[in-house]
Amino acid sequence: MERHHCLLGFLLLAARLPLDAAKRFHEVLGEERASAYLRSHNQLNGWSSDDNDWDEERYPVWEPGDPRWKSSWKGGHVQAVLTSDSPALVGSNITFVVSLVFPRCQKEDASGSIVYEKNCQNDTGLSHDPYVYNWTAWTEDGDWGNGTNHTHHVFPDGRPFPHRPGWKRWNFVYVFHTLGQYFQKLGRCSVGVSMNTANVTLGPQVMEVTVYRRHRRAFVPIANVKDVYVVTDQIPVFVTMSQKNDRNSSDETFLRDLPITFDVLIHDPSHFLIESTIKYKWNFGDNTGLFVYNNHISNHTYVLNGTFSLNLTVQAAVPGPCPSPSPRSPKATPTLGPAGGHGLELSEIVAKGCQITKYGYFETILTIVDGILDVNIIRMTDVPVPVPQPENSLMDFVVTCQGSTPTEVCTVISDPTCRTTQSTVCDPVAVDSDCLLTVRRAFDGAGTYCLNLTLGDATSLALTSTLVSVPGKSPASPLRMANGVLISVGCLVIFVIVATLVMYKKYREYKPIENIHGEGGKGTGLGALVTHAKAALSRRSLERDPLLQNQPGKV
């Protein structure tokens, strides 16, 4: 009898040896083995326990520092980058994305093969072979076979690849591992995986990903990466704050007597709260009370200087499953149905629907100070210059402001659309308590300009804009100058003709006696007319000259 027991024990031990010799997922992926309690209470939908066997023959396992890592990829090393949209509200989905970064000059083409980029030179120079890994050729030479049940088309746990459209161009295997469970995926140079966090332990967790590349009928490890993600029971809340004239909104210092805009951003990439009723409860810390809004944007104005504690509570009513009705004593109550059950109460619960309330919190300290509240241009005047210089037209701007005293003034001159900047000038200023100053700026000749004028101090910037029309002082163009010369010559010709006609008329009325019988009598032509006109004009000009009074012999 004792010999039979020994034989049975030997058979059981021999049967167990292959199982113990096989590697498990938690041994390959390097994470400490999760307890049975964690695996049972943190069961992830669609994920498998890392107690399963790992096919080490098809997916070899290399320790860190193994020299085979150096030759696992042609032309260098592949880096895997793992990101997530953490933090995630418990019950929502969290998405992980792994992207492969290939060595210089390498990329994945449309067919899934890895090729060298054209005209790109790496450490080894230009490659004559366009391919790093021509997996398309491997498919065509019969390596894949014509069937769909080939043993080399499997994951590390032996499960077959999903035969979805284009699956033969997916040449990387990604193994995700967290909380003692794993998820396998076939893909190209970038893949994403979504995981529901309903059963995930709150707090920071670790996700590890191992990446394999195809190598004929086997796979070769090329990269391993880890990242921390966070699951929380509070709604992830962020608040952006902005204020007109505030110089730097990131320092949480704002201006008195100007409204501050608060915009609440809820981090919910999986839209877990899309059907929730959300309320925003504000306490601005200045003894103005509690404000409750349904809008994520609110405004508040502080009227005193100082520091104030800002507190926000976000409350979301999330539709969820109704809890089972608690058992009651069989004592008859008005809610009881004909058979003594609680059907009416249960139907009311189902009709009403059930909700799970989630909260999010935000708090910060705000500093309120004086600042420049407003700036206005009350007058614009053209500056006269002794000699017009169209390329440097000057304008004076009389500016007033309200609030604190500015220490600098900046102007930006641009085209009439205010889009193309032509010049930017900043100057320190010393302004009296009335905040009245004159700013002089030069413009590029006549035309219309957009002027942005800013007054600033250590905490604030006040801006005003206006369109400026610079009067025309530009020199005349050659065409206009030629036209002016022609007009002047024309006027002179007309004057000469009119004067000649007047002289001709006088000549006919008053003919000198000496011209009747002399040779001058024959001068009835234009030459004679001009001669007499010159004589008359000369005589008249002499008669009008006041100096003639001093000439002897003149009357």
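Computation of the quantities below employed the complete heavy-atom set of this structure, encompassing side-chain atoms and omitting hydrogens, waters and symmetry-equivalent molecules.
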Does the ring-ring contact (aromatic ring centres under 6.0 Å, His included) test come out yes or no for Phe284 and Trp282, once each step is laid out? CA-CA 6 Å; Phe284 295 102; Trp282 292 92; 5.5 Å; yes
Any side-chain heavy-atom pair from [X] and [Y] closer than 4.5 angstrom?
X	Y	answer
Val369	Leu255	yes
Val211	Val225	no
Ser99	Cys189	no
Phe362	Val264	no
Met395	Val383	no
Lys279	Asn294	yes
Thr178	Phe183	no
Tyr280	Ile266	yes

Identified side chain to side chain contact (heavy atoms under 4.5 Å, CB included) partner of Leu186 from the options Phe172, Tyr174, Trp167: Trp167
Enter the distance from [X]:[atom1] to [Y]:[atom2] here, rounded to the nearest 0.5 Å.
X	Y	atom1	atom2	answer
Ser460	Asn248	OG	CG	12.0 Å
Leu463	Asn245	CG	CG	8.0 Å
Ile413	Thr420	CD1	OG1	14.0 Å
Leu373	Leu258	CG	CG	5.0 Å
Arg441	Met380	CZ	CE	15.0 Å
Cys450	Asp415	SG	CG	7.5 Å

Give me the atom names and distance for the closest heavy-atom approach of [X] to [Y].
X	Y	result
Thr197	Ala88	CG2-CB, 4.3 Å
Val231	Thr201	CB-O, 4.2 Å
Val200	Leu179	CG1-CD1, 3.8 Å
Val206	Val228	CG2-CG2, 4.4 Å
Ser249	Met241	CB-O, 3.4 Å
Leu273	Leu89	CD2-CD2, 4.0 Å

Take Val314 and Ile278, measure what side chain to side chain contact (heavy atoms under 4.5 Å, CB included) needs, and give me the verdict at the end. CA-CA 7 Å; Val314 178; Ile278 301 178; 3.7 Å; yes
Aromatic ring pairing Tyr361/Tyr359, orientation class (parallel under 30°, perpendicular over 60°, tilted between): parallel
Please determine if Asp427 and Arg440 form a salt bridge, counting it only when a charged side-chain N lies under 4.0 Å from a carboxylate O. no
Quick one, Phe262 with Phe291, criterion ring-ring contact (aromatic ring centres under 6.0 Å, His included). Give me CA distance, side-chain angles, the key distance, then yes/no. CA-CA 13 Å; Phe262 301 90; Phe291 298 86; over 10 Å; no
Evaluate the side chain to side chain contact (heavy atoms under 4.5 Å, CB included) criterion for residues Leu82 and Lys226: first the C-alpha distance (whole Å), next the side-chain angles of each, then the deciding distance (0.1 Å), finally the verdict. CA-CA 7 Å; Leu82 173 61; Lys226 295 182 181 180; 5.8 Å; no
Please evaluate residues Leu310 and Ile260 with respect to the criterion side chain to side chain contact (heavy atoms under 4.5 Å, CB included), reporting the C-alpha separation (whole Å), side-chain torsions for both, the decisive distance (0.1 Å), and the verdict. CA-CA 12 Å; Leu310 171 70; Ile260 305 173; over 6 Å; no
Could you name each residue pair satisfying ring-ring contact (aromatic ring centres under 6.0 Å, His included) that touches residues 91-111, not counting sequence neighbours? Trp73-Phe102, Phe96-Tyr229
I'd like to know if the side chain of [X] reaches the main chain of [Y], judged simply by a donor and an acceptor atom lying under 3.5 Å from each other, with no hydrogens or angles considered.
X	Y	result
Ser469	Thr448	no
Tyr133	Arg214	no
Asn171	Arg169	yes
Thr232	Gln234	yes

Mind checking side-chain contact (heavy atoms from CB on, under 4.5 Å) for Cys426 and listing every partner two or more places apart, or none if nothing turns up? Cys410
Is it true that atom CG of Asp432 has more than 12 heavy atoms of other residues, nucleotides or ligands lying nearer than 6.0 Å? yes
Lys74, NZ atom: more than 12 neighbouring heavy atoms under 6.0 Å: yes
I'd like to check the salt bridge (Lys or Arg N to Asp or Glu O under 4.0 Å) partners of Glu252; sequence neighbours left out, ordered by chain and number. none
Pairs meeting criterion side-chain hydrogen bond (donor to acceptor under 3.5 Å, both in side chains) with involvement of residues 79-93, two or more places apart: Asn93-Asn196
Determine, stepwise, if the pair Val431 / Leu455 fulfils side chain to side chain contact (heavy atoms under 4.5 Å, CB included). CA-CA 11 Å; Val431 184; Leu455 297 181; over 6 Å; no
Run the side-chain donor-acceptor check on residues 400-408: report pairs under 3.5 Å with partners two or more places apart or on a different chain.
residue, atom, partner, partner atom, Å
Ser404, OG, Ile372, N, 3.2
Ser404, OG, Asp457, OD2, 2.7
Thr407, OG1, Gly456, O, 3.2
Glu408, OE2, Arg247, NH1, 3.2
Glu408, OE2, Arg247, NH2, 2.8

Apply ring-ring contact (aromatic ring centres under 6.0 Å, His included) to Phe176 and list each qualifying residue two or more places apart in sequence or on a separate chain. none
